[in-house]
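Report on the following structure.
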Number of protein chains: 2
Amino acid sequence: MRKNSSTNYENEQVLHDFCDAAYTLSVLSGRWKLTILVKLMEQDLRFGEIKQMIPKITERVLALQLKNLEQDQLILKIQHKSDPKAPVYRLSLKGKSLKPLINSLAKWGEKYK
Amino acid sequence: MRKNSSTNYENEQVLHDFCDAAYTLSVLSGRWKLTILVKLMEQDLRFGEIKQMIPKITERVLALQLKNLEQDQLILKIQHKSDPKAPVYRLSLKGKSLKPLINSLAKWGEKYK
DNA sequence: CCGTATCCAAATAGATACTG
DNA sequence: CAGTATCTATTTGGATACGG
């Protein structure tokens with residue numbers, strides 16, 4: 001009797017390809033990514049502003065995480081021709097689309113932590 | 001003009017405490033955790049069975065990941081008095097409750113990867 | 001069969017100084 | 001201000017051998 005007895009009623013929820021879930025986890029995993037994304041949900045920010053909001057992050061690591069997020073196309077780095085030295089980081093549509101997902105993660109965490 | 005123009009219509013979705021989301025990510029992050037959880041969604045398994053299903057995992061790492069999952073109370077290690085040498089790993093209720101969440105992760109990943 | 005013990009490699013993150 | 005360069009520390013995962 002090793003097979004779960006619950007097989008019948010639980011399978012109405014089909015399991016999607018969990019490799020896709022692994023991809024999602026991969027873009028979210030990183031010491032400060034969630035924090036940065038959440039800050040950017042509210043407004044566009046510059047490097048120094050993020051640094052100020054997250055005092056414990058070092059410049060090197062902030063640069064790395066931003067680069068990752070940009071490569072995964074979750075954020076955009078916007079440079080104006082008028083002042084290319086003051087780029088702004090902004091959520092992309094893909095990044096914005098994470099909002100409900102992050103909320104789902106938070107709800108599960110709140111309930112089960 | 002740095003403030004997002006989208007502030008008005010997007011805030012109907014309140015942002016939950018993202019620390020709770022970080023907790024959720026933390027229990028899911030680990031090289032093989034998702035794989036193991038998905039296998040256990042279908043049936044209880046023994047150490048050696050999981051090892052066979054994931055040939056590339058080493059015994060040390062499998063033991064570590066199982067220990068993590070057990071500590072986070074996502075899985076149960078079930079030992080029968082009759083044969084304490086043949087424990088079975090089983091999803092806990094908390095572990096089972098991840099199913100819809102993992103599906104959400106997979107759906108987002110499928111769409112945006 | 002179900003792990004643990006040792007040792008090692010890789011990835012990630014931190015401290016600090018420096019540059020265009 | 002917005003990063004890069006170095007160097008180090010920590011965490012995580014892998015290879016392999018051994019033990020109850």
Side-chain angles (χ1 to χ4, degrees), chain A residues 2 18-19 22-40 43-72 74-91, chain B residues 1-2 18-19 22-40 43-72 74-90:
Chain A
R2 294 266 313 296
F18 76 95
C19 293
Y23 167 76
T24 306
L25 284 181
S26 79
V27 307
L28 289 176
S29 69
R31 183 75 180 78
W32 300 104
K33 283 186 192 170
L34 212 49
T35 312
I36 295 169
L37 287 171
V38 168
K39 299 295 182 193
L40 290 177
Q43 54 183 309
D44 299 350
L45 291 168
R46 288 171 39 184
F47 190 92
E49 292 176 314
I50 303 176
K51 177 85 186 69
Q52 274 193 317
M53 300 174 94
I54 314 175
K56 292 195 296 185
I57 202 172
T58 66
E59 295 175 349
R60 192 189 91 95
V61 172
L62 177 53
L64 279 174
Q65 307 269 296
L66 287 172
K67 203 153 286 181
N68 279 178
L69 291 169
E70 202 189 339
Q71 280 168 353
D72 288 332
L74 265 38
I75 65 174
L76 271 17
K77 182 179 183 173
I78 299 177
Q79 318 233 20
H80 289 286
K81 297 100 193 162
S82 55
D83 188 1
K85 293 299 177 56
V88 173
Y89 293 95
R90 175 177 298 171
L91 278 190
Chain B
M1 223 297 268
R2 293 267 315 296
F18 76 94
C19 294
Y23 167 76
T24 306
L25 285 181
S26 80
V27 307
L28 289 176
S29 69
R31 183 74 180 79
W32 301 104
K33 283 186 192 171
L34 214 47
T35 311
I36 296 169
L37 286 172
V38 168
K39 299 295 183 194
L40 290 177
Q43 56 182 308
D44 301 348
L45 291 168
R46 287 169 41 183
F47 190 92
E49 292 176 314
I50 303 176
K51 177 85 186 69
Q52 275 193 315
M53 300 174 96
I54 314 176
K56 293 195 295 184
I57 201 171
T58 65
E59 294 176 349
R60 191 189 89 98
V61 171
L62 176 53
L64 280 175
Q65 307 268 297
L66 287 171
K67 203 153 286 182
N68 280 178
L69 291 169
E70 202 188 339
Q71 280 167 353
D72 288 331
L74 264 38
I75 65 173
L76 271 17
K77 181 178 184 175
I78 298 177
Q79 319 232 19
H80 290 286
K81 297 99 195 165
S82 55
D83 189 0
K85 293 299 176 59
V88 173
Y89 294 95
R90 173 177 300 171

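In what follows, chains are A, B, ... by sequence order, proteins preceding strands, each numbered from 1.
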Let me see the working for A/I50 and A/I57 under side chain to side chain contact (heavy atoms under 4.5 Å, CB included), right down to the final yes or no.
CA-CA 9 Å; A/I50 303 176; A/I57 202 172; 5.9 Å; no
For nucleotides 1-7 of chain D, read 5' to 3', which letter fits each nucleotide if B means a protein heavy atom sits under 4.0 Å from the base, S means only the sugar-phosphate is that close, and - means neither?
SSBBBB-
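Rounding to the nearest 0.5 angstrom, the gap separating the CZ atom in A/R31 from the NZ atom in A/K56 is 6.5 Å. With rounding to the nearest 0.5 Å, the separation of CD in A/E70 from NZ in A/K77 is 6.0 Å. The CG atom of A/L69 sits 11.5 Å away from atom CG of A/L76, with the distance rounded to the nearest 0.5 Å. To the nearest 0.5 Å, the span separating CG on A/D72 from OG on A/S26 amounts to 6.0 Å.
Interface residues of residues 23-30 of chain A facing DNA chain D, ordered by number: none; criterion, heavy-atom separation under 4.0 Å.
Across every non-hydrogen atom of B/R46 and B/E49, the tightest pair is N-OE1, 2.8 Å. B/L34 and A/F18 get closest at one heavy-atom pair: CD2-O, 3.9 Å.
At whole-Å resolution of the value, CD in B/Q71 and P in D/dT12 are 12 Å apart. With rounding to whole Å, B/I54 atom CD1 is found 14 Å from D/dG13 atom C1'.
Comparing the end axes of the helix from C/dC1-D/dG20 to C/dG20-D/dC1, each fitted to five base pairs by superposing C1' atoms of four pairs onto the next four, gives an inter-axis angle of 40° (nearest 10 degrees).
The only option from A/L45, A/I78, A/I75, A/L40 that meets the side chain to side chain contact (heavy atoms under 4.5 Å, CB included) definition with A/R90 turns out to be A/I78.
For DNA chain C, the outermost nucleotides in 5' to 3' order that have an atom under 4.0 Å from a heavy atom of chain B are C/dC1 to C/dT6.
Under 4.0 angstrom from either OP1 or OP2 of D/dT12 there lies no side-chain N or O belonging to B/Q65.
Partners of B/Y89 by side-chain hydrogen bond (donor to acceptor under 3.5 Å, both in side chains), not counting sequence neighbours: none found.
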Listing, residues 61-68 of chain B side-chain donor-acceptor contacts under 3.5 Å, not counting sequence neighbours, or none:
residue	atom	partner	partner atom	Å
B/Q65	OE1	B/W32	N	3.0
B/Q65	OE1	B/K33	N	3.3

